Each structure stands twice: as structure tokens, then as C-alpha cells.
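Small disclaimer: the values here were computed from a predicted structure and weren't measured. Counting starts at 1 for both ligands and their atoms, following the listed order.
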Amino acid sequence: MSQLEWWRDAVIYQVYPRSFADADGNGLGDLRGITSRLDHLVELGVDALWLSPFYPSPQHDAGYDVADYRDVDPRFGTLADFDDLVAAAKDRDLRVVVDLVPNHTSWDHEWFQEALAAGPGSAARERYHFRKGLGVDGELPPNSWQSVFGGPAWTRVPDGEWYLHLFDTSQPDLNWDLPEVRKMFEDVLRFWLDRGVDGFRVDVAHGLVKESGLPEWTEAQVPITSPGAEHRIPPMWDQDGVHDVYRQWRQVLDSYDGDRMMVGEAWVAPAERLARYVRPDEMHQAFNFNYLMAPWTAQDQRIAIETSLAGVEPVGAICTWVLSNHDVVRHASRLGFPPGYSTQGGIGIGDPPPDEALGLRRARAATMLMLSLPGSAYLYQGEEVGLPEHTTLPDEVRQDPTWFRSKHEVRGRDGCRVPIPWEPGVAAYGFSPNGQSWLPQPGDWDRFAADRQRGVPGSTLTLYIEAIRLRRKHGLGGGTLTWFDGDDLVDFRNGGVRVITNFGAVPVPLPPGEVLLVSGDLAADGSLPPDTTAWVRA
Ligand code: TEU
């Protein structure tokens, strides 16, 4: 592992604490559970783990509603458990990145409770976006902004004022024009940096600063914000002022030893707009959702890769790559639909099911393609065993606020958040000691259990381990691409490795050379079948 700027070519594994491993048997994963399973990450060969929120929270948005930024929710453990986890990770040469949620607090945060109690016009309300309503009695929201989860982005409090929440009602947006808010988050950064974290994943990084005056915006929320010829930039996203925050944070990180980093969750397009978040004095990385959302065709994938690389080049940053996370349908299921089919709102009972075999085949090809690209790659827990989405979750167990705020129209994200299987043939597949699981797991997940796949040639776990090992050995994360043209192919050389993915309907011959790794079986004549990626020594 390169010690200098380790994040430049790192493979970073997202741990979703509530669904990774449950040590205490309450059905919700916890920090001690994560520590007990760290050797799985060592076996995989990743460089770092990123922990989704584990802070005290009423859990109305699975912990992305933070009530206290400097503690651990008792359901996940204690600060001492956190310190043990960091120490155990360091012992294993694993870096630890934590999630920072600065756009909004929970409504249980002491600041919001103070704001409610203090009333209109108070300094406590200044920390959020409180406004009078429109209409004769202020009975209408102050503007038409919509919540990302559906419904209006405003909620009225008993004294008649309204507060802004771009997400759930329980997640009031902070007022980032206020120096006090900025100061608080600097202190939070220092709190975790002092505890030894290697970096932060910054939630909703494109949302903190709003256009002043909160001007009217009647359009619905779209996943990726981009300015168009006819559209100005939405007043709630990607405002210029947000970059000052990251410049300030960068100075804080740089004042610490040991190469600490920030990765921004900014749903921003095009790539040039996203690149503004990774200018030399801002963040180190930004998630590449343009890549995640690219349809499964050779042309779309090549364009996504080339525009992503070209986007960061002028600012001297590296690209990131991601196929799955806790907000999107897992790629083993997403890719089991025809190109262009949208899984944006999740999948549930009654929806067309994905072709599971096709999805897994493409997912393995997609992962090998991703792991061959220069920059940093993000994995989401469970994808290393080929885990699909839970597509038949009973609606009555759903917990995603999207499901409720959309009035049961949009299923939401629970299907990708189901606790992951470790051992076949035991209760909850070894997720918890007693079979508890906060979301029910499907009955047929034995085949995805890590213990079932370990050491098995051709298993998805074996493929991931080999791909990560070869990626490091051949320096793919630090390489550059030379492209070859071919119908229905993504085909390039990265250093000493030729990477070919076949998106067409018929097998294609491979170039001469040793086949280092292939995502599925080659055809009998040695050619590369559809929906398969090969790495060939060039
Ligand atoms: O997500 C921000 C975000 O924009 C996503 O909600 C995304 O648009 C949506 O999930 C696509 O379906 C972050 C977190 O990753 C997410 O889990 C939180 O719910 C959200 O912020 C609010 O904190």
C-alpha cells in the first residue's frame, strides 16, 4: 500500500453499520460486530473502510439524521467501541473514513430543540431556515421547493413558522451562512481527526449553501443536478458558496499528520461541475454518480469513463468509481434489466423482477471493468459476494422515509440495505448471534454467504479478491488508458494490462497474451462471451 496519498488509488469498502454484523443480537449491526469481521476486509484486500453514520439518532433516515455529532448511538455501541474499531483497523493496515452529515441535523439535535422552544425571530432559529408562510394566514409553504424524498421541503411548526428540509421532516437544513454553524462542524472534524480517523465522506456535499433569499423553484428534484441551456442551477444545489466550506475544511485536514482525506457526495453533473469540488484546495475526491448511472452499453460506458477522466484532469484530481451504495439498487440487480430501464425508485412486490443470472454476470463484468480504472474505487458491503437487491421485501417492513413521504408510491432504498449473509445454514446467515435482523433477509441467500464462497474457484468473492490483488500488482489504480475501437466493446490498455468488456450479443476473440482474470467462463474456443470482462497481459 502506498503510504503517500493513499487515497489516490485506494479501494474503499463501504460498511453500512446497521446491516454489516450484529454482535449484541438486537437485530441492528454495531461497531463491535464490524471489528469482529475486519479480517474479511483484509482478505478482500481493500485499503480502507467508510462507515455510514453510527451517531446518536432517532433513525428516521437510518442515521443520516444526526442528533449528536460527537458520540455513538447506544444501539451501535460506545466511543470506546469506536476507538477499539479504529485500533483494530490500524493493526490491519486498514484506513477508516467516517460519514459527516452537515447539510441537516436531526430534529432531535439540541440546536433544533432550542430553535423550536425559542420561537420566531430568535437567534436559535437563525441556525436553520425558518420562514413565515405564504397565504392569508401563512398557511402555505414559503416556496415550492420539494423534498428529495417527496412532498414539500417545508414543515410548519405550532407557532406558524415553517422550516426547510430538503430531505425528511426530521432533517431540518442548517443555515450555512452562519459562522457558528461553520465553527461547530470544524470542531466536529477535529473531534474525529483527534480520534484517528483517516477521512470523511461528506453527505449531500452539494447542498449546504442555498441561493440567498431561497428563490422560487417549482421543478421536481432530479437525482443529478446539472445546469442546462434552459435551466439555471437549482437554488438549493451546487451553489458557488459551498466551496468556501471545503477550502476551510481542507485547511483543518492539512493541519493534521497522516494524509487525511475528504470525499464528497455531490450528485452533480456534468463532470466539469463535479471537478470544482476536487480543486487542489478543496476535497480529495468526489463520488462519480455519472459513472454509476451510465447504462450498460459499450458507448455509454466508454463516454462515462472518458468524460469522468477528462473532467478531473484540469484540476489535477483523481477519479472515483462506484457501482453500488446504500442509496441505489444493487448493481447485481440493476444490470439485470434492459439498458434504459430505471430502477431509481427501488424495486418491490409487483414490479418486474430483474433477470438475476444476467444481472450477476454483468455485475461481475462491471466490477472488473471498474477495478481496472485509474483512481479510487468504492465497494458497497455485500457486492463482493454478488448480493442482489431484496426485490420482494414486504411493504409493511419498509423504513426508508421515501416510502412514507411519497405516500407509498416510491419503494425507496430498503432493498439494498438488508443485513448481509456471512454463513450458510444458520439463523440470519450469521449476521446476528440469535437470528435477529432489522429487515428480513430472503430465504435463499445461503449461496451468497461469504463462508460458502471463500476459496471456491469462480465464486464472486474469489473474483473480487483476485481482481483487487491484480489491480494492485499491475498498478491499475495509478495508470492511464489507451483506447482501442471495437463494436460493442470497451477496450483499452492500462499499463501492462489490456481490459476488454464485451457488451455485444456474440463472443469476440481476445488479443494474444496471458489471460490474467476473466469475470465469467471463456467460450470453448477461448473467445470472450457477452457481458464478460477479461484482463489480458498486454
Ligand atoms: O444522499 C443524498 C441524496 O441526494 C440521495 O438521497 C439520493 O438522491 C437518493 O438517495 C437517490 O435515491 C445522502 C445519503 O447517502 C442518504 O442515505 C441520505 O438519505 C441523504 O443524504 C440525507 O442525509
Considering only non-hydrogen protein atoms, determine which one is nearest to [atom] and report residue, atom name and distance to 0.1 Å.
atom                    : answer
atom 14 (C) of ligand 1 : Asp203 OD1, 3.0 Å
atom 8 (O) of ligand 1  : Val148 CG1, 4.0 Å
atom 15 (O) of ligand 1 : Asp327 OD2, 2.5 Å
atom 10 (O) of ligand 1 : Arg413 NH1, 3.2 Å
atom 3 (C) of ligand 1  : Trp267 NE1, 3.6 Å

Q.
Assess whether a salt bridge exists between Arg195 and Asp83, defined as any Lys/Arg side-chain N lying under 4.0 Å from an Asp/Glu carboxylate O.
A. yes

Q | Per-atom contacts, ligand 1 versus His104 - under 4.0 Å to a heavy atom | A | 22 (C), 23 (O)

Q: Give the atoms of ligand 1, by number and element, whose distance to some non-hydrogen atom of Gln344 is under 4.0 Å.
A: 11 (C), 12 (O)

Q.
Does only the side chain of Asp61 get under 4.0 Å from ligand 1, or the backbone, or both, or neither? Count heavy atoms.
A. side chain

Q: Check His60 against ligand 1 and report side chain, backbone, both or neither, counting heavy atoms closer than 4.0 Å.
A: neither

Q.
Quick check: Tyr163 with Tyr128 (ring centres under 6.0 Å apart)?
A. no

Q | Ring centres under 6.0 angstrom apart (Tyr64, His326) | A | yes

**Q.** Pairing residues for Arg398 by the salt bridge (Lys or Arg N to Asp or Glu O under 4.0 Å) criterion, not counting sequence neighbours
**A.** Asp395

Q: Going by heavy-atom distance to atom 2 (C) of ligand 1, choose the closest among Glu265, His326, Arg417.
A: Glu265

Q | Sub-3.5 Å N/O-N/O distance, His206 and ligand 1 | A | no

Would you mind writing out the side-chain donor-acceptor pairs for residues 176-183 within the sub-3.5 Å range, not counting sequence neighbours?
residue, atom, partner, partner atom, Å
Trp176, NE1, Pro102, O, 2.8
Glu180, OE1, Arg127, NE, 3.1
Glu180, OE2, Arg127, NE, 3.3
Glu180, OE2, Arg127, NH2, 2.9
Arg182, NE, Trp176, O, 2.7
Arg182, NH2, Trp176, O, 2.8
Lys183, NZ, Asp187, OD1, 3.2
Lys183, NZ, Asp187, OD2, 2.7

Q. Can you name the nearest heavy-atom pair linking Ile420 to Phe431, along with the distance?
A. O-CB, 3.8 Å

Q.
To the closest 0.5 Å, what do you measure between CE (Met184) and CH2 (Trp111)?
A. 4.0 Å

Q: Assess Arg37 against Trp422: is NZ or CZ under 6.0 Å from the centre of the six-membered ring, and within 45 degrees of the ring's axis?
A: yes

Q: Give a yes/no verdict on whether any heavy atom in Gln171 is under 4.0 Å from an atom of ligand 1.
A: yes

